[in-house]
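Shown next, in structure tokens, is the structure this report addresses.
Counting convention: from 1, in listed order, for ligands and their atoms alike.
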Amino acid sequence: MSIKVGINGYGTIGKRVADAVAKQKDMKLVGVTAHSYSFNTEVAKQKGYKIFTTDGDEDFKLNGINPDGNLKNLLEQVDIIVDATPRKIGKENIEKFYKQKKVKAIVQGGEKHEAIGTSFVAQCNYNEALNKEYARVVSCNTTGLCRTLNALNKFDITSVHATMIRRGADPWDIYHGPINAIVPVLEMPSHHGPDVQSVLPKCQIFTTALSVPSTLMHLHSVIADVRKKVNVDDVIGVLNNTTRVRVVRNAEHLRSTAEIMEFARDLGRLRGDMPEICVWKEAIGTVSNGYNKLLYMQAVHQESDVIPENVDCIRAMMGFKDSDKSIKMTNETFGIK
Ligand code: NAD
């Protein structure tokens with residue numbers, strides 16, 4: 001029997017999760033919510049998705065859409081809701097709607113770990129979400145750090161220092177910036193380290209962050225202290241064998257976030273997405289000089305890396321026990337390894 005899934009918050013993350021759910025053989029997309037009429041709703045209608053309103057029907061009817069009900073009606077028809085509303089609203093929605101209707105809910109990285117209790121990255125801690133009522137798929141940055149650090153912990157990481165160079169806004173976003181500035185996050189260390197620990201509690205990680213005038217991807221510069229002596233080829237070997245991570249090379253002319261995004265478009269990915277974390281082969285380095293250090297840089301497509309995680313989190317919360325199988329099923333529908 002299919003898992004019945006609803007999406008509340010049909011924006012950058014919500015519309016991608018909806019498309020991903022619609023592709024899973026073991027899931028049925030019951031419908032998506034719309035806050036107000038927009039091109040997003042128009043596309044949802046064209047895709048045949050049922051539309052449930054959160055703020056009245058009038059705006060939709062004026063624009064030729066007859067909604068299929070409201071959020072409460074959607075909740076009556078689903079086993080689980082993926083909440084992809086702007087930050088802080090997800091937590092409020094649990095209290096206001098999901099608890100009352102006894103519907104399981106996934107919230108996103110904009111919510112705090114403490115408010116939800118379970119934070120999720122499929123390849124790191126799938127089992128923690130098994131049969132849970134509520135879980136949080138962590139942010140795009142945290143997902144990126146967790147995927148590679150979890151794999152590279154094979155070399156016994158003792159501590160990590162990472163700097164996050166963050167895109168100023170998503171590509172469609174006309175409201176945020178910066179346009180001509182580099183903006184340091186005035187929090188030292190930044191909150192990203194503790195967020196990684198919500199998934200990898202033993203990881204000693206310290207982070208700093210800044211925003212730059214780019215919309216394409218985030219870039220992470222990571223330095224890890226490791227117990228074992230490590231060489232670059234071994235690191236490449238581990239990353240090549242890690243799901244949802246892609247080693248990109250100078251020889252492919254993939255030297256920047258712009259070229260990686262162009263590559264994703266050329267691959268024919270839906271919306272030109274790159275859900276894999278891209279680690280530059282030539283930006284992997286090691287030092288063994290009385291101490292062992294591992295250095296690397298990775299690019300994170302903020303709009304899409306968390307989408308496969310939402311799909312796996314649905315399965316885990318619905319009691320599907322085989323994490324490897326879930327990851328494989330999800331990957332196949334994205335065309336990723
Ligand atoms: P978004 O602004 O692109 O989309 C949010 C959608 O929710 C919009 O369509 C908006 O109309 C709708 N909405 C607003 N209030 C609502 C309400 N009360 N009920 C129902 N719908 C409502 O936001 P986003 O970027 O998709 O972010 C959603 C969540 O995902 C946040 O927690 C964010 O931190 C997280 N996240 C975002 C990114 C990213 O780069 N965009 C990456 C990873 C995680």
Side-chain angles (χ1 to χ4, degrees), residues 6-20 31-44 49 51-57 59-60 67 69-75 81-98 105-113 115-116 119-121 134-147 164-176 191-192 195 198-199 209 211 214-220 257 261 271 273-275 277 299-310 313:
I7 311 291
N8 188 22
Y10 192 70
T12 308
I13 301 300
K15 63 188 176 185
R16 286 174 166 80
V17 177
D19 291 340
V32 304
T33 63
H35 196 49
S36 58
Y37 177 80
S38 73
F39 67 87
N40 276 335
T41 343
E42 198 56 51
V43 176
Y49 299 164
I51 294 166
F52 297 82
T53 57
T54 58
D55 227 7
D57 290 0
D59 192 26
F60 297 92
N70 58 28
L71 174 61
K72 287 190 177 167
N73 302 133
L74 174 63
L75 293 175
I81 189 100
V82 177
D83 186 300
T85 57
R87 74 193 174 95
K88 294 190 180 160
I89 299 180
K91 167 73 179 116
E92 286 169 21
N93 283 343
I94 290 180
E95 302 303 330
K96 265 193 348 213
F97 302 109
Y98 311 148
I106 296 174
V107 297
Q108 307 301 315
E111 309 306 318
K112 292 214 178 329
H113 168 76
I116 310 299
S119 290
F120 182 85
V121 175
Y134 309 110
R136 162 183 175 261
V137 166
V138 293
S139 75
C140 45
N141 280 307
T142 304
T143 300
L145 287 169
C146 287
R147 280 193 195 152
M164 257 120 288
I165 300 161
R166 305 193 304 179
R167 59 91 180 97
D170 285 338
W172 60 270
D173 186 348
I174 58 171
Y175 304 105
H176 297 99
H191 66 275
H192 303 89
D195 209 41
S198 72
V199 177
S211 299
S214 173
T215 62
L216 298 179
M217 299 179 99
H218 302 304
L219 191 151
H220 297 166
T257 53
M261 285 284 87
R271 297 189 179 87
D273 284 346
M274 178 60 82
I277 305 307
V300 173
H301 185 218
Q302 74 280 356
E303 295 165 286
S304 69
D305 70 326
V306 299
I307 310 305
E309 307 300 333
N310 274 275
C313 194

Checklist entry - Is it the side chain, the backbone, both or neither of Met217 that has a heavy atom closer than 4.0 Å to ligand 1? => result neither
Checklist entry - Can you tell me how far CD1 of Ile13 sits from OG1 of Thr85, rounded to the nearest 0.5 angstrom? => result 11.5 Å
Checklist outcome for this item: The closest protein heavy-atom partner of atom 33 (C) of ligand 1 is Gly110 N, 4.1 Å
Checklist entry - Quick check: does Arg167 get an N/O under 3.5 Å from an N/O on ligand 1? => result yes
Checklist entry - Any side-chain heavy atom of Cys146 sitting closer than 4.5 Å to one from Thr143? => result no
Checklist entry - At what distance is the nearest protein heavy atom to atom 3 (O) of ligand 1, and which residue and atom is it? => result Thr12 OG1, 2.7 Å
Item to check | Interatomic spacing from CG in Asp83 to CD1 in Ile106 - rounded to 0.5 Å | outcome: 10.0 Å
Item to check | Minimum side-chain heavy-atom gap Pro275-Arg16 below 4.5 Å | outcome: no
Item to check | Minimum-distance protein heavy atom relative to atom 35 (C) of ligand 1 | outcome: Gln108 CB, 3.8 Å
Checklist entry - Against heavy atoms of Cys140, which atoms of ligand 1 measure under 4.0 Å? => result 42 (C), 43 (C)
Checklist outcome for this item: heavy-atom search around atom 29 (C) of ligand 1 in the protein gives Thr85 O, 3.5 Å
Item to check | For atom 4 (O) of ligand 1, closest protein heavy-atom neighbour | outcome: Gly11 CA, 3.3 Å
Next on the checklist: Let's go through Glu95 and Lys91 carefully: what are the C-alpha distance in whole Å and the side-chain angles of both, what is the deciding distance for salt bridge (Lys or Arg N to Asp or Glu O under 4.0 Å) to 0.1 Å, and is it a yes or a no?
Outcome noted: CA-CA 7 Å; Glu95 302 303 330; Lys91 167 73 179 116; 2.6 Å; yes
Checklist entry - Hey, is ligand 1 close enough to Ile13 that some N/O pair sits below 3.5 Å? => result yes
Next on the checklist: Looking at every heavy atom in both Gly14 and Ile7, which two are closest together, and how far apart are they?
Outcome noted: O-CG2, 3.6 Å
Checklist outcome for this item: The protein heavy atom nearest to atom 14 (C) of ligand 1 is Pro86 CD, 3.3 Å
Next on the checklist: Could you tell me if the side chain of Gln108 sits less than 4.5 Å from the side chain of Val82, heavy atoms only?
Outcome noted: yes
Next on the checklist: Side chain, backbone, both or neither: which applies to Thr54 and ligand 1 if a contact is any heavy-atom pair less than 4.0 Å apart?
Outcome noted: side chain
Checklist entry - Which option, Asp55, Asp170, Thr142, owns the non-hydrogen atom nearest atom 39 (C) of ligand 1? => result Asp170
Checklist entry - Can you check whether Ser139 has an N/O within less than 3.5 Å of an N/O in ligand 1? => result no
Next on the checklist: Would you say that Asp55 contacts Ser36 through its side chain, given a criterion of any heavy-atom pair below 4.5 Å between the two side chains?
Outcome noted: no
Checklist outcome for this item: among protein heavy atoms, the one nearest atom 42 (C) of ligand 1 is Gln302 O, 3.1 Å
Item to check | Location of contacts on Trp172 toward ligand 1, heavy atoms closer than 4.0 Å | outcome: side chain
Item to check | Per-residue contact class, Asn8 against ligand 1 - non-hydrogen pairs under 4.0 Å | outcome: side chain
Item to check | Thr142 side chain near Leu145 side chain, heavy-atom distance below 4.5 Å | outcome: no
Item to check | Glu309 CD to Arg147 CZ distance, which is reported to the nearest 0.5 Å | outcome: 4.5 Å
Checklist entry - Would atom 23 (O) of ligand 1 count as contacted, meaning some protein heavy atom under 4.0 Å? => result no
Checklist outcome for this item: When distances are taken from atom 11 (O) of ligand 1, the protein heavy atom at minimum range is His35 CB, 3.5 Å
Checklist entry - What atoms of ligand 1 come closer than 4.0 angstrom to any heavy atom of Ile89? => result 15 (N), 18 (N)
Item to check | Min side-chain heavy-atom separation Val199-Phe120 under 4.5 Å | outcome: no
Checklist entry - Roughly how far, to the nearest 0.5 Å, is CD1 of Ile307 from CG of Asp19? => result 9.5 Å
